[in-house]
Every structure is written in C-alpha cells, then in structure tokens.
Amino acid sequence: MGSVVRINAITVPPERAAEFERRFANRAGEVSKSPGFEAFELLRPTDGRDVYLVYTRWRSEDDFNAWVNSAAFQHGHKAHSSQGPVGTASELWSFDVIQQETAAAGGEG
C-alpha cells in the first residue's frame with residue numbers, strides 16, 4: 001500500500017502572506033516528529049494566485065488522522081485560535097500515491 005498525501009489549499013490575501021509564512025516558520029520541525037510522517041512542503045504561489053499549498057505525505061490515513069488529533073497539532077495551530085486565521089479560506093485535498101519517482105543518487109555533475 002502506498003503513501004497518502006494531504007494538501008491544504010489556503011487562500012491568503014497578499015497583505016497577510018508574510019504573517020502566514022512566519023507562522024509556519026515558527027513551528028518548523030513539529031510535524032516531522034509525528035509517527036508515519038514522510039514529507040512536508042509549503043508552496044508559495046508565483047503565478048499571481050493567492051493560494052498557498054501545504055503538502056504533507058503520510059504512511060497511512062490513520063497516521064495523518066493521528067497527527068490532526070494530536071496535542072502537537074493543536075499547539076502548532078494555537079495562533080490560528082488565539083489570533084485568528086491568516087487565510088480567508090482553506091480546502092483539504094486527499095490523494096493516494098500510486099506512482100513516484102525521485103532523483104537518482106549523485107545526479108549529474
């Protein structure tokens with residue numbers, strides 16, 4: 001069975017983008033401690049859109065759900081609760097990884 005991917009597509013007004021990125025920087029490394037975690041990427045739009053993508057890959061759906069329900073997740077999102085959300089909308093997309101390629105070790109020099 002392959003990994004699962006969860007992408008949170010978050011609409012962030014341009015004037016809030018720096019705050020949004022700062023909040024993620026402040027909790028860097030937290031998700032990687034979670035069992036079943038495989039990868040994280042925060043993707044900034046460069047094509048005029050105002051939607052950031054938060055990409056995470058997990059060993060299983062159960063591992064993702066355990067992270068979302070964990071104290072670490074709640075702690076990481078405390079600014080959202082206390083200071084309000086930076087984004088104006090968000091949508092969670094769910095995928096199963098059915099094919100994957102990575103760069104060959106060493107690459108081309």
Side-chain angles (χ1 to χ4, degrees):
M1 181 154 132
S3 302
V4 298
V5 168
R6 297 297 176 264
I7 299 172
N8 196 0
I10 304 173
T11 302
V12 180
E15 66 274 10
R16 304 293 308 272
E19 169 70 10
F20 180 79
E21 292 178 20
R22 185 186 64 75
R23 288 188 188 185
F24 269 88
N26 286 344
R27 63 183 206 236
E30 286 304 311
V31 68
S32 62
K33 300 172 187 172
S34 188
F37 168 82
E38 294 180 351
F40 161 86
E41 292 179 341
L42 176 59
L43 307 177
R44 175 195 296 138
T46 59
D47 59 1
R49 297 173 199 257
D50 59 359
V51 177
Y52 279 75
L53 299 181
V54 183
Y55 169 99
T56 56
R57 193 177 71 233
W58 299 87
R59 177 180 54 208
S60 72
E61 173 83 20
D62 288 344
D63 290 319
F64 170 75
N65 290 335
W67 158 247
V68 169
N69 293 312
S70 71
F73 179 90
Q74 302 305 323
H75 178 74
H77 290 77
K78 71 178 182 215
H80 180 92
S81 300
S82 63
Q83 301 166 31
V86 175
T88 57
S90 80
E91 192 174 71
L92 184 65
W93 302 341
S94 301
F95 300 89
D96 289 333
V97 177
I98 59 170
Q99 185 174 343
Q100 177 179 327
E101 293 185 33
T102 58
E108 295 187 32

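Values reported hereafter were calculated over all heavy atoms of this structure, with side chains retained and with hydrogens, waters and symmetry mates removed.
Here Ile98 is tied to no hydrophobic group at all, with no ILVMFWY side chain closer than 4.5 Å.
Of the inter-residue distances, the one linking Thr56 atom OG1 with Glu38 atom CD reads 10.0 Å to the nearest 0.5 angstrom.
Hydrophobic cluster membership is shared by Val5 and Leu53, with clusters built from Ile, Leu, Val, Met, Phe, Trp and Tyr side chains linked at under 4.5 angstrom. Hydrophobic clustering (side-chain heavy atoms under 4.5 Å, transitive across Ile, Leu, Val, Met, Phe, Trp, Tyr) keeps Val97 apart from Val4. Trp67 is connected to Phe40 through a chain of hydrophobic side-chain contacts under 4.5 Å among Ile, Leu, Val, Met, Phe, Trp and Tyr, so both are in one cluster. Residues Tyr52 and Val31 share a single hydrophobic cluster, defined by chaining ILVMFWY side chains whose heavy atoms lie under 4.5 Å apart. Both Val54 and Phe37 are members of a single hydrophobic cluster when ILVMFWY side chains are connected at heavy-atom separations under 4.5 Å.
Nearest heavy atoms, Ser90 versus Asn8: CB-OD1, 3.5 Å. Nearest heavy-atom pair, Thr88 versus Pro13, reported as atom, atom and distance to 0.1 Å: CG2-CG, 3.5 Å. Across all non-hydrogen atoms, the minimal contact from Thr11 to Val51 is OG1-CG2, 3.7 Å. Nearest heavy-atom pair, Ser3 versus Arg57, reported as atom, atom and distance to 0.1 Å: CB-CG, 3.7 Å. Here the closest non-hydrogen pair linking Val86 and Glu19 is CG2-CG, 3.6 Å.
For Asp47, the salt bridge (charged side-chain N to carboxylate O under 4.0 Å, His left out) test picks out Arg49, with sequence neighbours left out. Under the rule for a side chain to side chain donor-acceptor pair (under 3.5 Å), Asn69 has no partner lying at least two apart in sequence or in another chain. With sequence neighbours left out, the side-chain contact (heavy atoms from CB on, under 4.5 Å) criterion links Glu41 to Leu43, Tyr55. Residues that satisfy the side chain to side chain donor-acceptor pair (under 3.5 Å) test with Ser94, not counting sequence neighbours, are Arg6. Asp50 meets the salt bridge (charged side-chain N to carboxylate O under 4.0 Å, His left out) test with no other residue; sequence neighbours excluded.
The side-chain heavy atoms of Leu42 and Phe20, taken from C-beta on, include a pair separated by under 4.5 Å.
For the pair Arg27 and Phe24, the cation-pi criterion (under 6.0 Å, within 45° of the ring axis) is fulfilled.
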